Amino acid sequence: MAAIIDGKEFAQRIHDFVRAQVWQIQQDAGQGSVPGLATILVGEDPASEVYVRNKGRKTREAGMASFQHRLPATIGEDELLSLITELNHDANIHGILVQLPLPAHINSDNVINAIAPEKDVDGFHTRNVGLLGSGQKAMLPCTPLGCTLMLREHFGTLKGKNALVIGRSNIVGKPMAQLLLADDCTVTIAHRYTENLIDHCRQADIVVVAVGKPGLIPGHWLKPGAVVIDVGINRIIQDGKTILVGDVDFASATTIASAITPVPGGVGPMTIACLLYNTLTAYCRIHQRPEPEETGFTLAQGIGQLREFREAS
Ligand code: NAP
């Protein structure tokens, strides 16, 4: 049976680390100085409302400031761009997140590229995309970053692994492939027109699936011992109840894979944890403090700092 990669537990460790770092910032810079994250939700999509609410709650639990902006679906692009300009200049805000998708009359690229790149904690701005693609220091997109951290922890090193990324969206598939390439994997990217997907699956030591189709990948497509990261979130009705499932047929995959992320409890919690981590990183860059990685960030160190934090508070 496959090991279950516990994204919830890993996310909690990152969360604890961020919380301890925020506490350290308050010791150094005064109580009023904390990283601040602004979220913008346009319209009333129920799933987006849940995501934004959870992001706000987790931000506050980490000791950071959360500023939530809710705008009607009818808002014009110019008005949205003005709000972003205001947030770009607000010294209390270090991260800006625009919840996607936006209504069809708003051009998402214009909106994302209006965010100051140093506050682009989703890592979607063209500048950050270019920095990642050219191997330079970028703000990394949260979901692919979370997947990469789980894979690194599982394998130690990803060097030389055959990795298959299924899905090529700008927010998951493409940056995921870039990160795996940066970790010296041999990467294949599959999409809707990929022929014989099963053959690509059979070759892959790592399979990251980000499509949005339940049951797309059955267990018998996998190479025995493969590690599977299931990014998909699909709502299906089972026994009269709505449940969440991924893109991989979990029951059959666990009999072939060596490790797999569950849905829920895998990639989802890691995405939010990485958003907090990115907001902390943005604060450090803006205030020219050593970034978490430059301080030799390890999770063990994070836990140590948390203990100090608990004892002090
Ligand atoms: P998206 O923009 O709709 O992209 C889906 C991708 O899947 C596209 O590249 C598409 O190919 C490809 N695809 C569609 N059918 C396929 C098939 N039969 N075989 C192979 N590839 C196929 O979706 P997304 O935003 O990347 O999200 C993907 C899934 O991840 C969704 O379920 C979403 O809810 C979930 N998600 C989860 C998190 C999290 O935190 N857990 C975060 C983000 C997204 P083409 O490009 O050829 O159309």
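Numbering of ligands and ligand atoms starts at 1, following listing order. Quantities reported herein were computed from a predicted structural model and do not represent experimental measurements. Scope of the values below: all heavy atoms of this structure, side chains included, with no hydrogens, waters or symmetry mates.
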So what's ligand 1 close to, N/O to N/O, under 3.5 Å?
from, atom 1, to, atom 2, distance (Å)
ligand 1, 9 (O), Arg168, N, 2.8
ligand 1, 11 (O), Arg192, N, 3.4
ligand 1, 15 (N), Lys213, NZ, 3.0
ligand 1, 21 (N), Arg192, N, 3.4
ligand 1, 26 (O), Ser169, OG, 2.5
ligand 1, 32 (O), Ile233, N, 3.0
ligand 1, 32 (O), Ile233, O, 3.4
ligand 1, 40 (O), Thr271, OG1, 2.8
ligand 1, 46 (O), Arg168, NE, 2.8
ligand 1, 47 (O), Arg168, NE, 3.3
ligand 1, 47 (O), Arg168, NH2, 2.8
ligand 1, 47 (O), Arg192, N, 3.3
ligand 1, 48 (O), Arg192, NE, 2.8
ligand 1, 48 (O), Arg192, NH2, 3.0

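- Among Val227, Ile260, Asp230, Leu151, the one residue that satisfies the side-chain contact (heavy atoms from CB on, under 4.5 Å) test with Ile5 is Val227.
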Practice item. Assess whether side-chain contact (heavy atoms from CB on, under 4.5 Å) is satisfied between Phe124 and Leu100, documenting all intermediate values. Key: CA-CA 11 Å; Phe124 296 160; Leu100 300 176; 4.1 Å; yes
Check your understanding: What's the verdict on side-chain contact (heavy atoms from CB on, under 4.5 Å) for Val207 and Val248, showing C-alpha distance, side-chain angles and the deciding distance?
Key -> CA-CA 10 Å; Val207 182; Val248 178; over 6 Å; no
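- A 6.0 Å sphere centred on CZ of Arg285 holds more than 12 heavy atoms belonging to other residues, nucleotides or ligands.
- With salt bridges taken as basic N to acidic carboxylate O contacts below 4.0 Å, none links Arg127 and Asp120.
- No side-chain donor from either of Gln203 and Asp199 sits under 3.5 Å from a side-chain acceptor of the other.
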